[in-house]
Trainee: 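Could you have a look at this structure, given as C-alpha cells, before my questions?
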There are 2 protein chains.
Amino acid sequence: MSATYLHPRPALTVDCVIFGLNTGLDELWVLLVERGQKPFKGRWAIPGGFVRVGESLETAARRELDEETGLRDVFLEQLYTFGEPDRDPREHVVSVTYYALVNLDDYELEAGTDAKKAAWFPVKRREKELAFDHRRILDVALARLRGKLSYQPVGFELLPRKFTLSQLQRLYEIILEQPVDKRNFRKKVLAMGILRDLGEVQENVRHRAAKLYAFDEKAYRQKEKAGFHFEL
Amino acid sequence: MSATYLHPRPALTVDCVIFGLNTGLDELWVLLVERGQKPFKGRWAIPGGFVRVGESLETAARRELDEETGLRDVFLEQLYTFGEPDRDPREHVVSVTYYALVNLDDYELEAGTDAKKAAWFPVKRREKELAFDHRRILDVALARLRGKLSYQPVGFELLPRKFTLSQLQRLYEIILEQPVDKRNFRKKVLAMGILRDLGEVQENVRHRAAKLYAFDEKAYRQKEKAGFHFEL
DNA sequence: TTACTTAGTGTCAAAAGAACACTAAGTAAA
DNA sequence: TTTACTTAGTGTTCTTTTGACACTAAGTAA
C-alpha cells in the first residue's frame, strides 16, 4: 500500500463545510465532527479526509461526507484550496474545501455511520476552538454563501422541496442578517418566474396556511440561457 | 530526495492563467508556454509546475510564474482546483490554478528566463490544441474574470498605473464583449470616487490629450469598509 | 364569538439606469 | 493659416427599478 516518489509531495485532503437550516428557520447551522485522533483529538472539525489516487476531488468530498455524516446527494460546490505548509502540525497538508447545503430535516440526527460524533452548531456562535484552520475555512465558506445567495439560486438547497414565500424570505434574513421587506420581496421573487406554484398549502399550522412553491430549475436554466441573471 | 508514504498521493501542481492587455487596447491576451517534454511536448500550455513541500500554494504559483515567464509582483488570485484523475496521462495530478492580471507593456517580450518559449495569444482565438485540460482551465478563468470585473475593481490591474477613462472603458468593452455608453460610463465611474485625478494628461498623442487617472486603492478600501460595493 | 397568528396584497416617491449629439482641444496635412 | 481629422469631454430626459409603508384575509385555538 505504501508508495515512493522521486520528489516529496504534500498530502492532499478534502474538507466539507456543511450548512443546514432547520424548518423552525431560526438559525443557520454547521455540521461538525469530533476528532477521534491526534492532532486536535477531541476538538470539533469540519468533516473531511484524504484524497485517494484515481478519485476526483468531488468524488472524494462526497465519499467523506457520506462516511462521516451519512449525507448523500446534497448540493456541493468547491470553495477554496488551503495550502499553508503549517496548517497541519504533522506535515504539509493541502486541503481542497467544499461547501454543502442541506435541509436539516431531511437528515436530522444522522449521527455518523462512522461511529464518529457529529453535531450541528449554530453558525452565529462562531465556535472558536476548531481543529486546524477550520475556523478560517468556515469564515470563508460563510462569506461565499452570503455572496452566492444574492446572485445565484442556491438558497433553495437549504429549504424543503416545497416551501412558502415566508420561509424563503426568512432564509435570506437569517443568512444575510438583515431584514427584508415582505411585499417587495414577494414581488421580486415571483417576478423572476422561477418558482412553481404547487397549488397546495401548508398543513398542520395554527394560522392561515400559506401557499407552497418549488424552485423551477428548468425554467431557471432556460431563462439563464436567455441572458437572465438571478438576483435577490 | 525521494520520499515514501504509507498511502499513495496524487501529485500536486499549480498552474497560472495570465491575462494581459496591451496599451493598444485592442484585445485580451493570454500568456502560454511551449512544453519542452512529454506529455504534450510542443503543445502550448499555461505555465505551472509542482508544489514543493513546505511552500504555500500562492508562493508556488509566484515562483513558477517567475521561473517560466519572468513575471513578478503581479495581481494573482486563486481560481479553482482541478483534480480529475485522468487530466494528466502520466498519473493522477491535482492542479490548483490561479489567474494573474498584468499590463502587457510592463512586461512585453519577457521571454522565458527559463529558456522556454513563451508567447501571448489572443484570448478570442480560443486556441484549441492546448496541453492537458488547459483549454477548460482557460475558459473557467475567463468566466471568472468577466464576473469579477463587474463587481470588483480588478480591471485596473490590466492597465498601466496612469490611464484615461477611455482606456478603462475600452477594457470593459473588450473583456465583456459589449459596447458601453461613454457618458454613462464616465458618470458612474467618477461617481464612485475611487479614481484619483492625477492632474496630468496624455503625451505624444495626435489628438486632444485625455486626463490621466489612477485607481485610488486607499479610498476604495475605506469606502468598502463603510459598506460600499464596487459595480460597473 | 373573540382573540391570535401569519398570509397576502398596491401605491407612490425617489433613485438609478439607458438613450442620445454636440462642442473642445489638439495634431497633421494641404 | 486654414482645413480636416481624431479623440476628449459634457447634460438632459425618459424609463425602469427600488424602497417605504399598513391594512384585510384566512385560518386555529381558547
Side-chain angles (χ1 to χ4, degrees), chain A residues 22-26 149-151 159-160 162-174 176-214 223 226-232, chain B residues 22-26 149-151 159-160 162-174 176-214 223 226-232:
Chain A
N22 50 346
T23 293
L25 281 182
D26 48 351
L149 213 52
S150 304
Y151 64 93
L159 293 174
K162 301 174 177 186
F163 54 85
T164 71
L165 293 183
S166 293
Q167 288 172 337
L168 185 61
Q169 180 182 340
R170 240 167 294 156
L171 182 158
Y172 275 83
E173 292 179 320
I174 289 168
L176 301 181
E177 289 182 328
Q178 54 186 357
V180 171
D181 180 90
K182 189 175 174 180
R183 283 178 285 191
N184 293 338
F185 180 82
R186 293 162 101 95
K187 259 182 292 177
K188 204 167 172 184
V189 172
L190 292 176
M192 284 195 288
I194 57 171
L195 294 190
R196 241 198 353 273
D197 182 337
L198 296 173
E200 301 172 52
V201 295
Q202 286 180 304
E203 283 173 15
N204 305 320
V205 286
R206 55 183 185 183
H207 54 77
R208 175 172 177 181
K211 286 208 226 175
L212 291 170
Y213 293 85
K223 281 173 179 275
F228 164 83
H229 288 288
F230 177 93
E231 193 183 341
L232 266 182
Chain B
N22 51 345
T23 293
L25 282 182
D26 49 348
L149 212 54
S150 305
Y151 64 91
L159 293 175
K162 302 174 178 188
F163 54 84
T164 71
L165 293 183
S166 291
Q167 288 172 337
L168 185 61
Q169 180 182 340
R170 240 167 293 156
L171 182 159
Y172 275 85
E173 291 178 321
I174 290 168
L176 300 181
E177 289 182 329
Q178 53 186 358
V180 170
D181 180 89
K182 189 175 175 182
R183 283 178 285 191
N184 293 337
F185 181 81
R186 293 163 101 95
K187 259 181 293 177
K188 204 167 171 183
V189 172
L190 292 176
M192 283 195 288
I194 58 172
L195 294 190
R196 241 198 353 274
D197 182 338
L198 296 174
E200 301 171 52
V201 295
Q202 286 180 305
E203 283 172 15
N204 305 320
V205 286
R206 54 182 186 185
H207 54 75
R208 174 174 178 179
K211 286 208 226 175
L212 291 170
Y213 292 86
K223 280 173 180 274
F228 164 83
H229 288 288
F230 177 93
E231 194 182 339
L232 266 181

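Chain naming here is simple, since letters A, B, ... match the order of the sequence lines and numbering starts at 1 in each.
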Trainee: Just how far, in rounded Å, is P of C:dA18 from CZ of B:Arg186?
Mentor: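 Spelled out: CZ on B:Arg186 to P on C:dA18 is 18 Å.
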
Trainee: Rounded to whole angstrom units, what separation is found between the CD atom of A:Gln167 and the P atom of C:dT6?
Mentor: 13 Å

Trainee: Which whole-number value in Å describes the distance from A:Glu231 CD to D:dG19 P?
Mentor: 10 Å

Trainee: Could you state the atom-to-atom distance from CZ of B:Phe185 to C1' of C:dC20 in whole Å?
Mentor: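 Between C1' of C:dC20 and CZ of B:Phe185: 18 Å.
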
Trainee: Partner lookup for D:dG11, please. Criteria are Watson-Crick or G-U wobble with both distances under 3.5 angstrom; report none if nothing qualifies.
Mentor: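 In the structure as shown, D:dG11 has C:dC20 as its Watson-Crick or wobble partner.
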
Trainee: At less than 4.0 Å, is any side-chain N or O atom of A:Ser166 found next to OP1 or OP2 of C:dA7? Yes or no.
Mentor: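 Looking at the OP1 and OP2 atoms of C:dA7, one of them is under 4.0 Å from a side-chain N or O of A:Ser166.
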
Trainee: Taking for each residue the nucleotide of DNA chain C with the nearest heavy atom, is it A:Tyr213 or A:Lys187 whose nucleotide lies nearer the 5' end?
Mentor: A:Tyr213

Trainee: Given the structure, check if the side chain of A:Lys182 and the base of C:dA7 hold any donor-acceptor pair shorter than 3.5 Å.
Mentor: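 A donor-acceptor contact between them is present.
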
Trainee: Does the base of D:dA8 carry an N or O that pairs as donor and acceptor with the side chain of B:Arg208 under 3.5 Å?
Mentor: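 Per atom types, the contact qualifies.
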
Trainee: Report the distance from atom CZ of A:Arg183 to atom C1' of D:dA20, rounded to the nearest whole Å.
Mentor: 8 Å

Trainee: Rounded to whole angstrom units, what separation is found between the CG atom of A:Leu232 and the C1' atom of D:dT18?
Mentor: 13 Å

Trainee: Could you state the interatomic distance from CZ (B:Arg186) to OG (B:Ser166), rounded to the nearest 0.5 Å?
Mentor: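 Nearest 0.5 Å value for the CZ-OG distance: 4.5 Å.
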
Trainee: Please report the interatomic distance OG1(B:Thr164) to CD(B:Gln202), rounded to the nearest 0.5 Å.
Mentor: 5.0 Å

Trainee: Consider side-chain contact (heavy atoms from CB on, under 4.5 Å). Of B:Val189, B:Leu190, B:Leu159, which one does B:Tyr213 pass it with?
Mentor: B:Leu190

Trainee: Without decimals, in angstroms, what is the distance between A:Gln169 CD and C:dT6 P?
Mentor: 13 Å

Trainee: What I want to check is whether an N or O donor and acceptor connect the side chain of A:Arg206 with the base of C:dC4 at under 3.5 Å.
Mentor: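 No such pair is found, so the answer is no.
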
Trainee: Report yes if the side chains of B:Val180 and B:Leu232 come closer than 4.5 Å at any heavy-atom pair, otherwise no.
Mentor: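 No, their side chains stay 4.5 Å or more apart.
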
Trainee: Need the pair for C:dT5. Rule: Watson-Crick or G-U wobble, both distances under 3.5 Å, any strand; none if unpaired.
Mentor: D:dA26

Trainee: Report the residue (B:Asp181 or A:Arg170) whose heavy-atom-nearest nucleotide on DNA chain C is the more 5′ of the two.
Mentor: A:Arg170

Trainee: What is the distance, rounded to the nearest whole Å, between atom CD of B:Glu173 and atom C1' of D:dT7?
Mentor: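 B:Glu173 atom CD is separated from D:dT7 atom C1' by 14 Å.
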
Trainee: Looking at A:Met192 and A:Phe228, what are the two nearest heavy atoms and their distance?
Mentor: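 Closest approach of A:Met192 to A:Phe228: SD-CZ, 3.8 Å.
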
Trainee: Regarding B:Lys211, tell me which of base, sugar-phosphate or nothing describes its non-hydrogen contacts under 4.0 Å with the strands shown.
Mentor: sugar-phosphate

